[in-house]
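Here the structure comes first, spelled out in structure tokens, and everything after it is commentary.
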Amino acid sequence: MVSIKPMMILIILGLCLILECGKAELPRFEHPIKPDGSLSLLVVGDWGRRGLFNQSQVAAQMGKMGEEADVDFIVSTGDNFYDDGLTGINDPAFEESFTNVYLSPSLQKQWYIVLGNHDYRGDVLAQLDPILTQKDKRWFCMRSYVLNTDVAEFFFLDTTPFSDKYFSDPDHTYDWRGILPREEYLSNLLKDLDTALKQSTSNWKIVIGHHTIRSGGYHGNTVELENRLLPILQENHVDLYINGHDHCLEHITTSESPIQFLTSGGGSKAWKNKFNPVNKDDLKFYYDGQGFLTMKITKADLHFQYYDIFGNILHQSSLPKGFYPM
Ligand SMILES: *[C@@H]1O[C@H](CO)[C@@H](O)[C@H](O)[C@H]1NC(C)=O
């Protein structure tokens with residue numbers, strides 16, 4: 001007869017494997033798709049300037065496209081409040097740069113937001129405080145999280161702590177509460193992302209962070225993300241990496257992998273007129289000015305378009321599924 005004790009241990013171990021005891025996981029959320037099986041979204045980045053630098057013009061055009069496309073939600077790629085994030089939960093910049101700027105009825109949807117480096121220059125915990133969601137129910141900002149829908153899974157990532165330069169920046173102070181010790185934070189985050197990507201059964205895997213991986217803009221590539229994040233995205237057949245940080249709109253592909261690199265950082269101040277070299281076959285599109293990105297996703301295909309502040313389509317592309325050999 002088998003004794004009870006080893007049996008119990010086996011059962012507990014088995015349950016732990018199934019339930020993955022003790023494993024930290026990225027928080028997960030769900031968003032419904034449309035009854036016709038599609039999902040529409042807008043992506044804007046690098047925006048909070050109290051309406052200035054064409055932020056209000058971008059917002060107005062987002063409102064028009066948002067209505068036309070009947071968007072389900074809006075994504076922010078970070079740098080939500082310039083220049084130094086929010087001073088606290090009562091900083092009027094929250095209303096002046098968010099609530100009172102994105103006024104169109106079609107933009108009164110859920111916003112899924114990540115933090116950028118400028119957000120870390122203020123009270124970073126304020127932007128993560130649920131009090132902001134009480135002030136404006138559209139606001140949803142966490143450091144890193146997974147948003148699942150029936151057609152695509154989105155992995156929102158806190159990229160600022162990856163970049164060495166902010167840790168030795170003599171000109172600014174950063175609010176590192178909650179991410180120290182840094183190396184532990186980064187390696188846990190990469191492990192959690194890898195786990196979440198491996199568990200995903202979604203047709204489309206879309207990763208969103210503030211910083212560039214590949215960019216021909218002023219900031220160019222982020223070496224730390226090329227070294228540490230990109231291999232995980234490649235290994236897990238991520239379809240798109242979407243970022244802000246460079247204040248432009250761009251679309252890059254490479255021969256290394258099928259990942260499409262989309263920059264949507266044209267939410268306000270732009271026209272930097274400073275560039276980094278990119279292989280000309282890789283650079284599918286670059287616009288140095290203001291605008292935003294729209295996306296329509298179904299199980300079978302994903303279509304995206306870039307708009308300027310006048311509503312002109314600057315660039316568009318479609319990805320059919322079956323893109324990856326399954
Ligand atoms: C606002 O947009 C227009 C049209 O693209 C552009 O000519 C102008 O320079 C922009 N203003 C600023 C401050 O970026």
Side-chain angles (χ1 to χ4, degrees), residues 34 38-49 51-80 82 97-98 101-114 116 138 152 154 204 206 208-210 212 214-218 239-253 260-273 275 283-298 301-319:
K34 291 196 172 65
S38 73
L39 183 74
S40 283
L41 54 135
L42 300 179
V43 184
V44 65
D46 304 84
W47 39 269
R49 296 185 192 268
L52 301 175
F53 295 96
N54 286 342
Q55 188 196 354
S56 296
Q57 283 79 348
V58 176
Q61 202 53 241
M62 283 169 64
K64 284 183 195 164
M65 297 328 303
E67 191 180 338
E68 216 165 274
D70 185 18
V71 289
D72 297 287
F73 59 80
I74 293 124
V75 167
S76 165
T77 57
D79 274 5
N80 308 315
Y82 285 101
S97 287
F98 178 60
V101 173
Y102 301 101
L103 293 166
S104 306
S106 70
L107 305 180
Q108 310 307 307
K109 305 282 168 65
Q110 189 68 66
W111 285 54
Y112 293 104
I113 295 163
V114 289
R138 297 177 287 176
F154 299 83
W204 300 101
I206 300 172
I208 294 158
H210 177 67
T212 59
R214 294 284 157 81
S215 170
Y218 168 69
D239 300 278
L240 301 174
Y241 178 74
I242 307 178
N243 57 274
H245 197 46
D246 266 326
H247 297 179
C248 64
L249 305 174
E250 68 185 316
H251 174 201
I252 291 179
T253 60
Q260 314 271 317
F261 299 92
L262 308 186
T263 298
S264 185
S268 62
K269 195 176 183 181
W271 307 109
K272 188 87 176 172
N273 197 29
F275 310 97
L283 190 60
K284 298 294 177 287
F285 160 69
Y286 191 97
Y287 178 68
D288 203 25
Q290 283 102 356
F292 58 96
L293 171 65
T294 70
M295 205 169 279
K296 181 170 180 181
I297 311 173
T298 67
D301 54 12
L302 185 154
H303 184 72
F304 60 87
Q305 297 179 308
Y306 286 96
Y307 286 90
D308 69 8
I309 59 170
F310 306 108
N312 300 311
I313 298 175
L314 301 170
H315 173 70
Q316 56 183 321
S317 186
S318 275
L319 314 177

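Side chains of Thr77 and Ile208 form a contact here, defined as non-hydrogen atoms less than 4.5 Å apart. Looking at heavy atoms from C-beta onward, Leu262 lies in side-chain contact with Tyr306 at the 4.5 angstrom threshold. A heavy-atom distance below 4.5 Å is found between the side chains of Tyr102 and Met62. Counting heavy atoms from C-beta outward, Asp288 and Phe275 have side chains that approach closer than 4.5 Å. The shortest distance between side-chain heavy atoms of Ser76 and Val114 does not fall below 4.5 Å. Contact of the Leu302 side chain with the Met295 side chain is registered, since non-hydrogen atoms from C-beta on lie closer than 4.5 Å. No side-chain heavy atom of Asn312 sits under 4.5 Å from any side-chain heavy atom of Tyr307. Counting only heavy atoms from C-beta outward, the side chains of Leu293 and Val75 never approach each other to under 4.5 Å.
To the nearest 0.5 Å, atom CZ of residue Phe285 and atom CZ of residue Phe304 are 10.0 Å apart. Atom CD of Gln61 is separated from atom CG of Asn54 by 11.5 Å, given to the nearest 0.5 angstrom. The CH2 atom of Trp47 sits 7.0 Å away from the CD atom of Gln55 when rounded to the nearest 0.5 Å.
Gly244 approaches Thr212 most closely through the heavy-atom pair O-CG2, 3.8 Å. Summarising the geometry of Gly265 relative to Asp46, their closest heavy-atom pair is CA-OD1, 3.2 Å, with the distance given to 0.1 Å.
Proximity of a side-chain donor or acceptor of Ser264 to a complementary backbone N or O of Val43 within less than 3.5 Å is detected. Counting only distance, with no hydrogens or angles, the side chain of Lys109 and the backbone of Val71 share a donor-acceptor pair below 3.5 Å. In this structure a side-chain-to-backbone donor-acceptor pair under 3.5 Å is present from Gln108 to Leu103. Between the side chain of Asp246 and the main chain of Cys248, no donor-acceptor pair closer than 3.5 Å is present. In this structure, the side chain of Asp239 does not engage the main chain of Ile206 through any donor-acceptor pair within 3.5 Å. A donor-acceptor pair is defined here as one N or O able to donate and one able to accept, closer than 3.5 Å; no such pair exists between the side chain of Trp271 and the backbone of Gln290. Remark: the backbone N or O of Gly63 is paired with a side-chain donor or acceptor of Ser106 at under 3.5 angstrom.
Applying the 6.0 Å contact sphere to CD of Glu67 captures no more than 12 heavy atoms from other residues, nucleotides or ligands. Dense packing is recorded around NZ of Lys34, with more than 12 heavy atoms of other residues, nucleotides or ligands lying under 6.0 Å away.
Ring pair His210/His245 is perpendicular by interplanar angle, where above 60° counts as perpendicular and below 30° as parallel.
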